[in-house]
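Since this is a predicted model, take the numbers as computed values, not measurements. Any value given below was found using the heavy atoms of this structure, including those in side chains, with hydrogens, waters and symmetry copies removed.
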Amino acid sequence: MSLLQKERDVITRNEYADSFDFDEIEDFIRNANKEMFISHHFKKRDRLLVQPRGGFPTYKKMFELYEEFMKADIDVLPLTIDSNTRLNDYAMAKKMLTLSEENEMDMLNGYPLVNHGYRTTRKMMTHFNKPVSLRHGTPDARLLVETALASGIFEIEGGPITYMLPYSKNFPLDKAFLYWKYVDKVCAKYSTLNEPINRESFGPLTATLVPPCIVIVIQLIEMLLSIEEGVKSFSVSFSQNGSMMQDIVTSNVLKKLAREYADMLGGSDAIINLVYHQWMGAFPRDKNLSDSLINTNTVIAAMVRADKIIIKTRDEAFGIPTMQCNAQSVANTKYTLRTLKGLPVVHDAEEEENLELEVRAIMDAVFNDPADTLWRKVFNTIKNGLIDVPFSPHIINHNEVITIRDDSGNIRIIEKGKLPLPDRCFAYEKSKVNLPESQTEVINKIIHDIGAML
């Protein structure tokens, strides 16, 4: 028995999980309908795939949500996991699930997949026969991902950086790297049986004034770490940042460098996809304005030639949207996409050159770290502040990088902390901003950005 299988036996032996029959699970995945694999749909590339968010605690309400989405001609179903499961607290998730079922009231903010178990959940996945994306935010997702794959969920979002720095304060980053290494190995193993399991990184990060160079670097790193373990289908992603032109520039550089670095590190046979998130910041309370924002996001997704768009709803400012509101947003987004034909391919050579130089400088710093493995190099680079995510709550993140918007809505770096940016790039960034005279006014301008779309 391999070391990986011994570890899997330990991880899956949990009192709140199904007893795992690995031979039966392999047989299920080997014979699963290809329509359930998003990698199969990406390969066909006949349209931009639309995916909402959504998750309810009980099997019944989750099933009803999927029925609503199917009426809206959904492309990718979501499975959002509850926050107790995200923290590996399966005991509390079980208690809240029982209360939800007994009282017909949602006591969890998502679907407790481990507690439902893969044998039960698989019935729902095979019934709808659609690709499903697992969305959770868990640093240690080993048992959750094992359960998802056994259930028929063949896209796994997250990674050791993107599910750590925006979400966690104290969870050890080195452990997260090792736990996600396990996830990637299992995804790669199952990918040999049928269509590839798709791994997707979470590009929005803190969704607050994150400069494109940081987004791209982290996307490249998580892609390379997955490819290193044998993953053959990977999705890099980012979210609307408030400037259509900067989103276009970001996508052009991200797609170019993702292919280049994957090829350079032995991943030339990996399929790389682009995912675009609609606005991740505060939404207007005026629902008509929310509709307008969502439509603008959809146009940008088409402009950047994304492979998938992850959508929001007009009720975003009022809490968890209803299933009907979610389904309506799917239908509206698909309608907008049908009206967008023959969009021009747009470039900005100066901006793309500057951004590419920034990304290459940070990637060089990663590769030049003397550690013996890629994940250790990345760990050291973050620990030393050479990768620094604005507004991250995690104690290892330096939070020395300060960003602000220029008059065109582009995010610019005005304090680079320890980012190894070339002098000409940093000078370019600062030259684009007319900074207020006092520090207080700068701070107020940054705080004001929280309401950029209100």
Side-chain angles (χ1 to χ4, degrees), residues 32-56 59-80 110-111 121-135 148 151-155 157 195 198 200 233 235 237 239-240 273-279 283 287-288 290-316 320-343:
N33 191 316
K34 292 187 184 302
E35 294 297 315
M36 296 176 70
F37 292 81
I38 195 170
S39 58
H40 172 69
H41 294 268
F42 280 145
K43 276 195 295 189
K44 292 194 296 187
R45 291 182 189 280
D46 56 352
R47 65 183 183 278
L48 196 164
L49 304 179
V50 177
Q51 178 193 308
R53 292 174 168 81
F56 290 103
Y59 184 94
K60 179 184 175 188
K61 286 197 72 172
M62 200 68 225
F63 197 95
E64 290 173 354
L65 176 66
Y66 283 179
E67 286 183 318
E68 286 292 329
F69 282 145
M70 294 297 285
K71 292 177 193 170
D73 190 26
I74 190 70
D75 297 312
V76 185
L77 292 167
L79 191 77
T80 302
Y111 185 83
T121 306
R122 188 190 291 175
K123 294 175 186 172
M124 180 157 44
M125 301 305 158
T126 52
H127 173 83
F128 290 102
N129 206 29
K130 283 277 185 182
V132 178
S133 179
L134 181 73
R135 317 193 78 79
S151 302
I153 299 167
F154 300 138
E155 174 175 280
E157 191 200 40
E195 296 292 326
N198 187 68
E200 181 179 317
S233 178
S235 298
S237 77
S239 62
Q240 186 199 15
N273 319 290
L274 179 67
V275 174
Y276 185 74
H277 290 253
Q278 292 186 341
W279 178 249
F283 255 66
K287 296 183 181 183
N288 293 318
S290 290
D291 287 338
S292 179
L293 179 57
I294 289 169
N295 284 335
T296 302
N297 291 169
T298 307
V299 173
I300 297 173
M303 291 285 290
V304 303
R305 271 67 180 176
D307 297 294
K308 184 176 78 172
I309 180 172
I310 301 177
I311 65 171
K312 291 289 190 120
T313 72
R314 68 195 321 253
D315 281 357
E316 217 64 39
I320 297 175
T322 64
M323 56 181 73
Q324 291 79 16
C325 181
N326 246 318
Q328 184 62 51
S329 192
V330 172
N332 289 351
T333 299
K334 298 203 78 165
Y335 171 79
T336 303
L337 288 172
R338 285 199 301 274
T339 67
L340 297 172
K341 306 291 183 186
L343 291 174

Under 3.5 Å donor-acceptor pairs involving side-chain atoms of residues 294-306, not counting sequence neighbours:
residue, atom, partner, partner atom, Å
N295, OD1, T336, OG1, 3.1
N295, ND2, D291, O, 3.3
T296, OG1, S292, O, 2.9
N297, OD1, W279, N, 2.8
N297, ND2, Q240, OE1, 2.4
N297, ND2, L293, O, 3.3
T298, OG1, Q278, NE2, 3.3
T298, OG1, I294, O, 2.8
R305, NH1, M303, O, 3.2
R305, NH1, P344, O, 3.2
R305, NH2, L343, O, 2.6

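Nearest heavy atom pair, residue Y66 against residue P78, reads OH-O, 2.7 Å. Across all their heavy atoms, H277 and S237 have their closest contact at NE2-OG, 3.7 Å. When all heavy atoms are compared, the tightest approach of R314 to C325 is CG-SG, 4.0 Å. Looking at every heavy atom in both residues, G55 comes nearest to M62 through CA-SD, 3.8 Å. Taking every heavy atom of both residues into account, V132 and I153 meet most closely at O-CG2, 3.5 Å. The two atoms that bring A72 and A327 nearest to each other are CB-O, 3.5 Å, heavy atoms only.
Side-chain atoms of S235 and N198 include a donor-acceptor pair closer than 3.5 Å. Using modelled atom types and a 3.5 Å distance limit, the side chains of Y111 and T121 yield a donor-acceptor pair.
With E155 as the fixed residue, the side-chain hydrogen bond (donor to acceptor under 3.5 Å, both in side chains) test singles out one of S233, S39, S133: S133.
Checked against the 6.0 Å centroid criterion, the rings of H127 and F63 qualify as a close aromatic pair.
Contact of the M323 side chain with the E67 side chain is not registered, since no non-hydrogen atoms from C-beta on lie closer than 4.5 Å. Counting heavy atoms from C-beta on, the side chains of V76 and V50 never come closer than 4.5 Å.
Side-chain N or O atoms of K334 include one that pairs as donor or acceptor with a backbone N or O of D73 at under 3.5 Å. Not a single donor-acceptor pair under 3.5 Å links the side chain of D307 to the backbone N or O of F42. Here the side chain of H41 pairs no donor or acceptor atom with the backbone of L49 at under 3.5 angstrom. For E68 (side chain) and L65 (main-chain N/O), no donor-acceptor pair under 3.5 Å exists by modelled atom type. In this structure, N326 contributes its side chain and R53 its backbone to a donor-acceptor pair below 3.5 Å. Here the side chain of K130 pairs a donor or acceptor atom with the backbone of I74 at under 3.5 angstrom.
For K61 and E64, the salt-bridge test fails: no basic side-chain N is under 4.0 Å from an acidic carboxylate O. K308 and D75 are not joined by a salt bridge, as no carboxylate oxygen comes within less than 4.0 angstrom of a charged side-chain nitrogen.
Rounded to the nearest 0.5 angstrom, D315 CG and Q324 CD are separated by 10.5 Å. L337 contributes atom CG, which lies 6.5 Å from atom CD1 of I309 (distance to the nearest 0.5 angstrom).
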- request: Before giving the answer on side-chain contact (heavy atoms from CB on, under 4.5 Å), spell out for I310 and Y276 the whole-Å C-alpha distance, their side-chain angles and the decisive distance to 0.1 Å.
  value: CA-CA 6 Å; I310 301 177; Y276 185 74; over 6 Å; no
- prompt: Could you go step by step and tell me if F154 and E195 meet the side-chain contact (heavy atoms from CB on, under 4.5 Å) rule?
  reply: CA-CA 9 Å; F154 300 138; E195 296 292 326; over 6 Å; no
query: Given F128 and L77, is the side-chain contact (heavy atoms from CB on, under 4.5 Å) satisfied, shown in steps?
result: CA-CA 9 Å; F128 290 102; L77 292 167; 4.1 Å; yes
